[in-house]
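These numbers come from the heavy atoms of this one structure, side chains and all, not from hydrogens, waters or symmetry mates. Residue numbers count from 1 along this sequence.
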Amino acid sequence: MKRGFVGQVNSALDFQKSIERLGAADVDMENISVNQDFSEFATTLNSGDTVVVISYVDLVGSLHKLFTMTIDLAERDILIESLDEPWLDFLARQPLVTRELERLDGVLRKHCVKQGLAKARSNGQVLGRPLGTNKIPNISMQKAINMYVGSDIAVDKICHLVGVNTRSFYRYIKLSGIAYRSNVSAEL
């Protein structure tokens, strides 16, 4: 059965044109769904149905979602026909090709991210997690430092009592130039 789907429309005129175009594509008026979430609409489809849309843009908001949705529908033996992009209808009939395109999309995204990070590094931007060395340490870190400098309590005990991460504490001590203690008591 041919079923039509109309996504968000900007005006009554756009809506009317969409309905007319779907009607011209042999979709009965009672088989047209309007302004419904496509994933919800897709649950009502049966094997052998054909969904006619104005554009693939009406269905999903990203290329990844388009590939995923197309694969899912193809596996359920549901076809998609787009009035604006008929050349993409080929995807709806080729789930293996769609899977490869989805994989390629992921590879391209990863490549673009790596290129962006490399460009940022070349422009002198510091990437990653900041070291966390403020000129003025937070209250908990200051308490831990005071306990470290003023007593023989073990670092792990100090950090546990004050609520400071042990690795962060050692990193702060190293970057602040505070001397390490050689003999430390494990008692509190």
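- If you take CG on L79 and OG1 on T70, they are separated by 11.0 Å, rounding to the nearest 0.5 Å.
- Applying the side chain to side chain donor-acceptor pair (under 3.5 Å) rule to N146 yields the partners Q142; only residues at least two apart in sequence or on another chain are considered.
- Evaluation of the side chain to side chain donor-acceptor pair (under 3.5 Å) rule for R121 yields no partner, not counting sequence neighbours.
- A donor-acceptor contact shorter than 3.5 Å is absent between the side chain of N123 and the backbone of Q125.
- Partners of D72 by salt bridge (charged side-chain N to carboxylate O under 4.0 Å, His left out), not counting sequence neighbours, listed by chain and number: R76.
- A42 approaches L73 most closely through the heavy-atom pair CB-CD2, 4.3 Å.
- Separating the OG atom in S122 from the CG atom in L117 is a distance of 11.0 Å, to the nearest 0.5 Å.
- Between the CE atom of M147 and the CG atom of D152 there is a distance of 12.0 Å, given to the nearest 0.5 Å.
- Residue C159 holds its SG atom at 7.5 Å from OH of Y170, rounded to the nearest 0.5 Å.
- Every residue two or more places apart in sequence or in another chain that forms a salt bridge (charged side-chain N to carboxylate O under 4.0 Å, His left out) with D84 is listed here: R21.
- Judged as a side chain to side chain donor-acceptor pair (under 3.5 Å), and not counting sequence neighbours, the contacts of E20 are Q16.
- You'll find the side chain of V51 stays beyond 4.5 Å of the side chain of K2, heavy atoms only.
- Not counting sequence neighbours, K17 has no partner by the salt bridge (charged side-chain N to carboxylate O under 4.0 Å, His left out) test.
- Every residue two or more places apart in sequence or in another chain that forms a side-chain contact (heavy atoms from CB on, under 4.5 Å) with I178 is listed here: I145, Y148, V149, I173, S176.
- Evaluation of the side-chain contact (heavy atoms from CB on, under 4.5 Å) rule for K143 yields I139, V162 as partners, not counting sequence neighbours.
- When all heavy atoms of V164 and A144 are compared, the pair lying nearest together is CG2-CB, 4.4 Å.
- You'll find the side chain of L83 stays beyond 4.5 Å of the side chain of V53, heavy atoms only.
- Taking all atoms of both residues into account, the shortest heavy-atom contact from A25 to V52 is CB-CG1, 4.2 Å.
- Contact annotation: the side chain of E81 approaches that of T50 to within less than 4.5 Å [non-hydrogen atoms, C-beta and beyond].
- Of all the heavy atoms in I153 and I158, the pair that sits closest is O-CD1, 3.5 Å.
- The distance from the CG atom of D77 to the CG atom of D49 is 9.5 Å, given to the nearest 0.5 Å.
- For S55, the side chain to side chain donor-acceptor pair (under 3.5 Å) partners are E85, not counting sequence neighbours.
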